[in-house]
Amino acid sequence: MEPHSHRATARQLAEDLGWLEEHCRKHPELTQHAAHLRLAGALTRNVIGPAVDGQGAKPLFLAVVGGAGAGKSTVVNFLAGSVVADANPQAGFTRHPTAFLPATLGGAWPSHLGFLGPLQRLSDDKPANLDEDVYQVKRIPVGDGDPLADVVIWDCPDMTTWASAGYVSRLMEVVALADIVVYVASDERYNDVVPTQFLHLMIQAGKAVVCCLTKVREVNEEAMIADFRAKIIGQLPASIGEIPAVPVVSIPWISDEARKDPSGAGAKYRVGLLNQILALCPSTEIARRRTLTNAVKYLESAGNGLLDVARRDLTEFDNWRAAVATGRHQFEERYRREYLSGEAFRRFDRTTEQVLEMLELPGPGKIVSSALALFRLPYKYAREFIGKTLTRPASLNLSEQTVCSGAMASWLDALQAEALRRSGNNPLWKQVTHGFDAGLKSQANDLFSASYRTFELKETDELDRAARAVPELLTNSPILLSGLRVATVALDLAAIVAVIVFTWTPDWSLLLILPAVSLTRQVVELLVKFAVDRGRNKLRAKREALLAEQLTGPVATWLGDWPSSGGSSLERLQLVLRRVPDAIRELSALARPAPAPIPNPMTPAPTPQP
Ligand SMILES: Nc1nc2c(ncn2[C@@H]2O[C@H](COP(=O)(O)OP(=O)(O)OP(=O)(O)O)[C@@H](O)[C@H]2O)c(=O)[nH]1
Ligand SMILES: [Mg+2]
């Protein structure tokens, strides 16, 4: 695959994670999840993207983070070796990140498209309390031999609350970028909940972290470090697995004079912290490789969790579709029970009569048929009389349209009730409930009416075709028709001959001919009815299929897709759920170090040159 396509994948992944984060922010209970997504997006933008772009390891980035007023800006000044950052007694003073770029690095600054995401670079110097999605880069004089000559130091805003989409997101952008994170906690407030959660997230993301405790009373130093290790680092969630060794250093309460002169009177406070930082960065390349590897690991391991929210919403989508399918099933059941089972398809009665008429002999043969019909007259009248006396009036079957309209109304009512019942649990059901309030029912009914018209046209057509099948078969096969006619008359004649032969003497017993030809007629009628009824039963099955195809099917599809149509978030969720794991897989493969070339035993070793 082309490098530009990997770049596009990284950009798309960052965008998808950003979209998912916005989606999470709409649910207050998912704020922590949103923070993970923000970090994953920022790692993609600021670590993986530049690596895919082939950007070099220099400069390294060091981010100084911590709670409000912990002493972050003061620590930045000590690391920079001069007063460069605005330290201010007002807690929460620093509102946007500022990068301090050693002048020795010249103009080296990442040029990766999408670098630092939503943060805009300021062109002029602005005070650290400017509360906007911006960052500034300030050049600082650093001696050539300074151990941090290749390191950009970031002074960051505090993390306030997880819910704040404001400067926490600015902070997250810089933390993701960082190769080293210095976590600052002051003696007074080192176990605040939110900064601690943030620290845990950074360790979980595999960042190289150094903890720096500020304003510590010297007598208290050892006890405080031990307490910090136990209460803060020791409480990392078990899901992190093996807890990495996180160095903790302390800086005592510094005099104002030493704070104003970090490289002179305050130089001694820098040493402990600097040593820990350097121990984590044996070289620029190693430090950057670790940042990249851990960013990829975080995406791979957190990937599944990151998509949980998408899956959760899609599960509700499946539940909605299942509710629609249940409603459809009940519709079809009701159609079968209330309409189809009681429907006699009277059109087929005419077919039976038509076939019987076709079996009469044509032309001069009509005389024979008429004579036989005369013999059967008593039987015919007797049968009609008994039929009328015994047959109870047919129960009134509901019309097909009444049954379908009733079933449709019940379907929609049940869905509305279900949506209302579940609307407190998930936004999808809430969306459906709003839909019902805003005309979903009438839209569904319009679709139902249109589908019903098509269904009606097709079923009339189908009925006609099924009823015409037997007469058409006979019309199209004159040999078969003639054969059946001859067979019918032959049956009657055989019955007459049989009576004559058995009774022989021409007396009243010849009247037995009348029941005999009536019996043969009954047999023929039963056979014809059997043939026509096969068509009637076939039609019943076809009618069910037609209902499913023309009516319940389209309505169910429309209802099932309703929450995801019209550019709704579900459409995007489905896309994101498909795209994100593929993108993580593709980028992970790229970011992994190339395996060392395996020597080919068939290749002869190069002959040493003199
Ligand atoms: N005297 C003295 N003052 C300190 C020390 N550490 C921090 N301060 C003061 O405490 C206040 C807060 O310190 P900052 O470095 O601005 O803290 P911060 O974490 O950057 O604060 P925000 O950016 O506002 O979140 C400032 O007025 C510092 O001068 C110290 O060791 N000694
Ligand atoms: Mg500050």
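Note that the coordinates shown come from a computational prediction; the quantities given were computed from them, not determined experimentally. Sequential numbering from 1 along the given sequence is applied to the chain's residues. Atoms within each ligand, like the ligands themselves, are counted from 1 in listed order.
No hydrogens or angles considered: nothing links the side chains of S73 and D86 as a donor-acceptor pair under 3.5 Å. With hydrogens and angles left out, the side-chain atoms of S186 and E188 include a donor and acceptor closer than 3.5 Å. Between the side chains of H96 and Q136, at least one donor N or O sits under 3.5 Å from an acceptor N or O. There is no side-chain donor-acceptor pair under 3.5 Å between T98 and D155.
The contact set between ligand 1 and K72, taken as ligand atoms under 4.0 Å from a residue heavy atom, comprises 15 (O), 17 (O), 18 (P), 19 (O), 20 (O), 21 (O), 22 (P), 25 (O). Atoms of ligand 1 lying under 4.0 Å from at least one heavy atom of A68, given by number and element, are 25 (O). Heavy-atom proximity to G71, at under 4.0 Å, picks out these atoms of ligand 1: 13 (O), 14 (P), 15 (O), 17 (O), 18 (P), 19 (O). Atom numbering of ligand 1 starts at 1 in the shown order; those under 4.0 Å from a heavy atom of R259 are 1 (N), 2 (C), 3 (N), 4 (C), 5 (C), 28 (C), 29 (O), 30 (C), 32 (N).
Residue I254 holds the heavy atom nearest to atom 30 (C) of ligand 1 of all those in I254, V75, V65. Here the shortest heavy-atom distance to atom 8 (N) of ligand 1, taken over E257, K260, K215, belongs to K215.
Taking 2.8 Å as the criterion, T74 does not count as a coordinating residue of the Mg ion (ligand 2), since none of its N, O or S atoms falls below it.
Taking each heavy atom of L292 and V47 in turn, the nearest pair found is CA-CG1, 3.7 Å.
Between A70 and ligand 1, a contact under 3.5 Å exists for at least one N or O pair. The shortest N or O to N or O distance between T94 and ligand 1 is under 3.5 Å. On a distance-only criterion, D86 and ligand 1 share no N/O pair closer than 3.5 Å. In terms of polar-atom proximity, defined here as any N/O pair under 3.5 Å, D155 makes no such contact with ligand 1.
Remark: R572 engages D16 in a salt bridge, criterion side-chain N to carboxylate O under 4.0 Å. The pair R259-D256 counts as a salt bridge, with a side-chain nitrogen and a carboxylate oxygen less than 4.0 angstrom apart.
Ring geometry for Y298 versus H36: interplanar angle under 30°, hence parallel rather than tilted (30 to 60°).
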